[in-house]
Amino acid sequence: MKAPHKRTARRNTRTLRAALVALGLTLTAVPATAFAGTTPAPSAAHLRAAAATGLDDPAKKDIAMQLVSSAENSSLDWKSQYKYIEDIKDGRGYTAGIIGFCSGTGDMLDLVELYTARKPGNVLAKYLPALRQVHGTDSHKGLDPGFQADWKKAAADSAFQQAQNDERDRVYFNPAVSRGKSDGLGTLGQFAYYDAIVMHGDGGDSTSFSSIRKRALAKAKPPAQGGNEVTYLNAFLDARVWAMQQEEAHSDTSRVDTAQRVFLKNGNLNLNPPLNWKVYGDSFHIG
């Protein structure tokens, strides 16, 4: 069973925060009230479009992956992240791949099991006993010293890349998009759900995706329940910021404040390019 709370942010936010403090700068969450009433209510046509398509459109899905990669890797080149692996010292062991599969949370184990079922005898198959043993811990027992090098070797295999894609979709992307559509949210709202489930997982603890959504629902109704989409998304992002602030490793909330909240303020509920945003002070653009 997967650990309920999952972190994939790969930037050392504590080091970053210390650097910002040294420069006399701070990063603070932007309250929902800052944008209240700045965007018109979504039209009926928008709600129909949200139900019909959204983040699962191939072009929008690629945008979603670039947005996540900007926060996770300081790069829009998400396809170069299949080979990524390191221990970011967040208590979840190794973090790796395009979505931050973790050796301590179970999704890395699921990934390697899928890869091995499809391609027995692959370079990572020998680590399955160790991955089962370290599940729920930050231990490298049985993985070191060769696991990182072998992960990078496997990442050159198209079968392993496809396995990463499929597990990303099964565990994170598809559930987020499905929930977003059922709530009547457009592409931006579906992305907000996706980014939240990527970072926080969807277990039963207070900072999981489902708990974040529950906190938002206590403040506003989604369009599917007759609510205003902008009002609801601001409530959801407020709840997301709260969840991030509960863990030091997540305390830099710029991936919400200077990215998702900016798109929302601009009324870009369909996440249409051009997109301009900042994460951890870095500027990004999709034309």
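Atom set for the values below is all heavy atoms of this structure, side chains included, hydrogens, waters and symmetry mates excluded.
When side chains are defined from C-beta on, L271 counts as touching L67, because their heavy atoms get closer than 4.5 Å. A heavy-atom distance below 4.5 Å is not found between the side chains of Q260 and D257. You'll find the side chain of L269 reaches within 4.5 Å of the side chain of E229, heavy atoms only. Under the 4.5 Å side-chain criterion, counting only non-hydrogen atoms from C-beta, E247 is not in contact with H200. Using a 4.5 Å cut-off on side-chain heavy atoms (C-beta onward), D87 and K89 make contact. You'll find the side chain of Y194 reaches within 4.5 Å of the side chain of V68, heavy atoms only. Between I63 and I286, the closest side-chain pair of non-hydrogen atoms falls below 4.5 Å. Contact annotation: the side chain of R179 approaches that of R213 to within less than 4.5 Å [non-hydrogen atoms, C-beta and beyond].
For D157 and R118, the salt-bridge test fails: no basic side-chain N is under 4.0 Å from an acidic carboxylate O. Salt bridge status for D107 with R92: absent, with no side-chain N to carboxylate O gap under 4.0 Å. Under the 4.0 Å criterion applied to side-chain N and carboxylate O atoms, D56 and K60 are not assigned as salt-bridge partners. A salt bridge between D195 and R255 is present, with a side-chain N of the basic residue lying under 4.0 Å from a carboxylate O of the acidic one.
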Before you tell me yes or no, could you show the steps for N234 and T231 under side-chain contact (heavy atoms from CB on, under 4.5 Å), namely the whole-Å CA-CA distance, both residues' side-chain angles and the distance that decides it to 0.1 Å? CA-CA 5 Å; N234 270 312; T231 301; 6.0 Å; no
Please evaluate residues D169 and K61 with respect to the criterion salt bridge (Lys or Arg N to Asp or Glu O under 4.0 Å), reporting the C-alpha separation (whole Å), side-chain torsions for both, the decisive distance (0.1 Å), and the verdict. CA-CA 11 Å; D169 290 349; K61 186 173 184 177; 3.0 Å; yes
Any chance you could lay out the side-chain contact (heavy atoms from CB on, under 4.5 Å) test for V198 and F173, step after step, and finish with the verdict? CA-CA 8 Å; V198 162; F173 189 83; over 6 Å; no
Go through it in stages, so that I can follow the logic: the residues are Q81 and S69, the test is side-chain contact (heavy atoms from CB on, under 4.5 Å), and I'd like the CA-CA distance, side-chain angles, deciding distance and then a yes or no. CA-CA 8 Å; Q81 307 308 322; S69 186; 4.1 Å; yes
Please assess S70 against L76 for the test side-chain contact (heavy atoms from CB on, under 4.5 Å), listing each intermediate value before the final yes or no. CA-CA 5 Å; S70 73; L76 299 184; 4.0 Å; yes
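Residues V123 and L128 are members of one and the same hydrophobic cluster, defined by side-chain heavy-atom contacts under 4.5 angstrom among Ile, Leu, Val, Met, Phe, Trp and Tyr. Taking hydrophobic clusters as Ile, Leu, Val, Met, Phe, Trp and Tyr residues chained together by side-chain heavy-atom distances below 4.5 Å, L217 shares a cluster with I197. Taken together through direct or relayed side-chain contacts under 4.5 Å among Ile, Leu, Val, Met, Phe, Trp and Tyr, L55 and L275 form part of one hydrophobic cluster. No chain of hydrophobic side-chain contacts below 4.5 Å, direct or via other Ile, Leu, Val, Met, Phe, Trp or Tyr residues, connects I99 to L114.
Across all non-hydrogen atoms, the minimal contact from A239 to A216 is CB-N, 4.1 Å. Closest heavy-atom contact between W277 and T258: CB-O, 3.5 Å. R170 approaches N174 most closely through the heavy-atom pair N-ND2, 4.2 Å. Contact detail for S210 and G203: the closest heavy-atom pair is CB-O, 4.5 Å. S74 and D282 get closest at one heavy-atom pair: OG-OD2, 3.7 Å. The shortest non-hydrogen separation linking S283 to K278 is OG-CE, 3.3 Å.
Using modelled atom types, no side-chain atom of Q133 and backbone atom of K141 make a donor-acceptor pair closer than 3.5 Å. At least one donor-acceptor pair closer than 3.5 Å links the side chain of T116 to the backbone N or O of V112. In terms of modelled atom types and a separation under 3.5 Å, the side chain of N228 and the main chain of V230 share a donor-acceptor contact. A donor-acceptor contact shorter than 3.5 Å links the side chain of Q190 to the backbone of L185. Between the side chain of Q164 and the main chain of Y82, a donor-acceptor pair closer than 3.5 Å is present.
In this structure, F236 CZ and D183 CG are separated by 9.5 Å, a value rounded to the nearest 0.5 Å. Annotation: the span from R261 atom CZ to L233 atom CG amounts to 9.5 Å, rounded to 0.5 Å. Here the CD1-CE distance, from I212 to M244, works out to 9.0 Å after rounding to the nearest 0.5 Å. Note that OG1 of T253 is 9.0 Å distant from OH of Y280, once rounded to the nearest 0.5 Å. To the nearest 0.5 angstrom, Q161 atom CD is 9.5 Å from K79 atom NZ. The CD1 atom of I85 sits 8.5 Å away from atom OG1 of T95, with the distance rounded to the nearest 0.5 Å.
A donor-acceptor contact closer than 3.5 angstrom links the side chains of Q66 and D62. Side-chain atoms of D150 and Y127 include a donor-acceptor pair closer than 3.5 Å. No side-chain N or O of D166 forms a donor-acceptor pair with one of Y115 less than 3.5 Å apart. Looking only at atom types and distance, the side chain of D77 has no donor-acceptor partner in the side chain of S75 under 3.5 Å away.
Enclosure of atom NZ in K221 is not indicated, since only 12 or fewer non-hydrogen atoms of other residues, nucleotides or ligands lie within 6.0 angstrom. Within a 6.0 Å sphere centred on NZ of K152, heavy atoms belonging to other residues, nucleotides or ligands number 12 at most.
The aromatic rings of Y94 and F147 lie tilted to each other, with the angle between the two planes from 30° to 60°.
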